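Working notes, beginning with the structure itself.
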Amino acid sequence: MLTINISMRTHFTNQLNELPDGFNVTICGWVQDIRNLGNISFLILRDREGIAQVTLIKKEMGEDYYKKINGLNRESVICVNGKINKKTQSKLGLEIIPTKIDVLNEAETPLPMGIIDKVSVDIETRLNNRFIDLRKPEVFSLFRIESSISKGIRETLENEGFIEIHTPKIIATATEGGTNLFKVKYFENDAYLVQSPQLYKQIMMAAGFERVFEIAPAFRAEEHNTNRHLNEFVSIDIEMSFSTDDDAMNMLEKVIYNAIEKIKKDNVRDLKILNVEINLPERPFPRVKYDELLDYVNSKGIEMKFGEDFSSEALTLIGEKYKGFFFITRWPMEARAFYVMPCEDDPRYGRAFDLQFGEREITSGAQRNHIYSSLKENIIKKGLNPEDFKFYLDAFRYGMPPHAGWAIGLERFTMILTNSKNIREVTLFPRDRRRIIP
RNA sequence: GCCCCGGUGGUGUAGUGGUCUAUCAUAUGGGUCUGUCGAACCCAUGACCUGGGUUCAAAUCCCAGCCGGGGCGCCA
């Protein structure tokens, strides 16, 4: 049972059930609703854990006080001291008969948006008034689940010997290429926000840390306007030494499985509020080669050449065949970043993989190329300048072990598990093409 | 960046040239009611994104801007 010592409050609303009839408590929270019937009224108090009914009786409170409390605006913050009455007609099974009500902060009126109103609210309005939107239990539950996910992932990685690291988010230039970077002024120089900690976590392999992970924001200056992209998102990155792409995939399976197991255990109430059912995936996840899917897509009439990435249309088709988690493996080198390790048997392919959930991509990873000369060659092949990567390439010259890793988008993963339609739903204060406030 | 769509009270909507002094719900303010739990009932309040144009007449048609939604590309 959760126990938080806060001087004003003796209990959260969900703890009242276990207390005996007549027990004296103080509960604190927001005035969600007042139903006034004249000589009796019902005040619904909401806190983080639920709601409770406070029953106000005019005869017992006196006319003036009764009127004052009934006149409180919705969403005002109060503390109620009183006795539990279990012989109530309330559907909640108990009510509080107040002896003292402190008004700590009165809300203004009208509210920018309703919390329990029976009208839908646009996501735009909700995000503009996020602090109110987040008071809704079904919105709050998403973030409790997101919290469990990052906690669960962290637990698994720590058990597996990973060390949590923090790499810089402001860089001179030269990450992986491919995506646009946000430019920032750095005193007399230009600098950029990182798109990924990729190069740094690889350098940590040369540093001998063996296994590292980082949970941190990544920034991408892409002008996308979709339900699954953010310009700032939380990237969960790992890198592991003396490991192959298979080892990385196995680790990913374990991490995903444990996170889901944790949610099923710790977020029963949230899943119920959201009306979402999550099944533990079967392991191992299917591993499907790029070529196989390429053929499949072509056979279904979608034109796609070797080396191209799967289009949305193609992924929709693939998602109909593979519904849960599955890996796409053995990608063409030209479709992936320069740091991927080519396959020994055929260097046109690389030891890279994506983890999909149906049509949606949630992770990409690879065994990395740890051979200095070959890595440098691949940088040139991609049209990049090795000079720009000196700080990175040097780490491969004085003892770099073979290594592999992956990155998973926290919001994407949460979105999939909670069946959310828009990634903004599972981001507290999303940063997209237009939004930087709040 | 490209394509398509949209902007009406606090919130969500109806309304495609005149009968719009603009619909409905919700909210807000006031009132009735001692057991509500989406309380009920009565009364009231409150809106056509901005600028320009067409027209006798514009919420409605045209242009520009601003803001937003969906899709694509790209990706986590």
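Here is how names work: the chains are called A, B, and so on, in the same order as the sequence lines, proteins then strands, and each is numbered from 1. These numbers come from a predicted model, not from an experiment.
In this structure, A:Asn227 reaches the B:rG71 phosphate: one of its side-chain N or O atoms is under 4.0 Å from OP1 or OP2. Between A:Asn73 and B:rG29, a side-chain N or O to OP1/OP2 separation shorter than 4.0 Å is present. At B:rA76, one or more side-chain N or O atoms of A:Ser364 fall inside 4.0 Å of OP1 or OP2 (strictly under the cut-off). Between B:rA76 and A:Ser235, no contact under 4.0 Å exists linking OP1 or OP2 to a side-chain N or O. Phosphate proximity of B:rG12 to A:Thr125: present, with a side-chain N or O under 4.0 Å from OP1 or OP2.
Nucleotide B:rC2: paired with B:rG71 (Watson-Crick or G-U wobble, both distances less than 3.5 Å). For B:rU45, the paired nucleotide is B:rA27, the pair qualifying as Watson-Crick or G-U wobble because both relevant distances are below 3.5 Å. Base pairing of B:rC61 is made with B:rG53, judged by Watson-Crick or G-U wobble geometry with both donor-acceptor distances under 3.5 Å. A 3.5 Å limit on both hydrogen-bonding distances identifies B:rG7 as the Watson-Crick or G-U partner of B:rC66. When both pairing distances are held under 3.5 Å, B:rA76 makes no Watson-Crick or G-U pair with any nucleotide shown. Look at B:rC37: it lacks any Watson-Crick or wobble partner with both distances under 3.5 angstrom.
The pair A:Asp133-A:Arg130 meets the salt-bridge criterion, since a charged nitrogen lies less than 4.0 angstrom from a carboxylate oxygen. Salt bridge status for A:Asp33 with A:Arg74: absent, with no side-chain N to carboxylate O gap under 4.0 Å. By the 4.0 Å N-to-carboxylate-O rule, A:Glu95 lies too far from A:Lys83 to be salt-bridged with it.
A:Arg74 comes within 4.0 angstrom of sugar-phosphate atoms only, judged by non-hydrogen atoms across all strands, and of no base. Within 4.0 Å (heavy atoms only), A:Gln53 reaches at least one base atom of the nucleic acid. Within 4.0 Å (heavy atoms only), A:Asn36 reaches at least one base atom of the nucleic acid. At a threshold of 4.0 angstrom between heavy atoms, the contacts of A:Asn85 with the nucleic acid are absent. A:Glu223 comes within 4.0 angstrom of a nucleotide base, judged by non-hydrogen atoms across all strands. Residue A:Leu111 is in sugar-phosphate contact alone, with no base atom involved, counting any heavy-atom pair closer than 4.0 Å across all strands shown. Among the heavy atoms of the strands lying under 4.0 Å from A:Leu37 is at least one base atom, whether or not backbone atoms are also near.
Taking atom CZ of residue A:Arg435 and atom P of nucleotide B:rG69, one finds them 8 Å apart after rounding to whole Å. If you measure from atom NZ of A:Lys118 to atom C1' of B:rU28, you get 14 Å, rounded to the nearest angstrom.
Of the candidates A:Glu214, A:Lys201, A:Gln198, A:Thr167 forms a side chain to side chain donor-acceptor pair (under 3.5 Å) with just one, namely A:Glu214.
Projected onto RNA chain B by closest heavy-atom contact, A:Thr55 and A:Asp117 fall at different nucleotides, the more 5' of which corresponds to A:Asp117. For A:Arg433 and A:Leu315, each mapped to the nucleotide of RNA chain B holding its nearest heavy atom, the one lying further toward the 5' end belongs to A:Arg433.
Within 3.5 Å, no donor on the side chain of A:His224 pairs with an acceptor on the base of B:rC72, nor the reverse. Within 3.5 Å, a donor on the side chain of A:Glu95 pairs with an acceptor on the base of B:rG35, or the reverse. For B:rU34, the base has a donor-acceptor partner in the side chain of A:Lys59 [N/O atoms by modelled type, under 3.5 angstrom]. At a cut-off of 3.5 angstrom, counting only N and O atoms as typed in the model, there is a donor on one side and an acceptor on the other between the side-chain of A:Thr88 and the base of B:rG35. The base of B:rC33 lies outside donor-acceptor range of the side chain of A:Arg35, with no N or O pair under 3.5 Å. Between the base of B:rU36 and the side chain of A:Gln89 there is no donor-acceptor pair shorter than 3.5 Å. A donor-acceptor contact under 3.5 Å is formed by the side chain of A:Arg220 with the base of B:rA76.
When all heavy atoms are compared, the tightest approach of A:Arg330 to A:Cys343 is NH1-SG, 3.7 Å.
Look at the C1' atom in both B:rG46 and B:rA64: the space between them is 31 Å, to the nearest Å. Nucleotides B:rG69 and B:rU8 have their P atoms positioned 14 Å apart, rounded to a whole Å. Distance check on atom C1': B:rC61 versus B:rA40 gives 46 Å, rounded to whole Å. A distance of about 16 Å separates the P atoms of B:rG35 and B:rA39, rounded to the whole Å. For the C1' atom pair drawn from B:rG7 and B:rG15, the interatomic distance equals 15 Å after rounding to whole Å. A distance of about 24 Å separates the C1' atoms of B:rU60 and B:rG70, rounded to the whole Å. Rounded to a whole angstrom, the distance from the C1' atom of B:rG18 to that of B:rC24 is 23 Å. Distance check on atom C1': B:rC20 versus B:rG31 gives 31 Å, rounded to whole Å.
Taking the six-membered ring wherever Trp is involved, the centroid distance between the rings of A:Tyr339 and A:Tyr392 does not fall below 6.0 Å. Aromatic rings of A:Phe219 and A:Tyr192 (six-membered ring for Trp) have centroids beyond the 6.0 Å cut-off, not under it.
Of the candidate nucleotides B:rC37, B:rG69, B:rC75, B:rC75 has the atom nearest to the side chain of A:Arg412.
Judged by the 6.0 Å and 45° rule, A:Arg336 forms no cation-pi pair with A:Phe353.
Stacking between A:Phe42 and the base of B:rG35 is absent under the criterion of ring centres within 5.5 Å and planes under 30 degrees.
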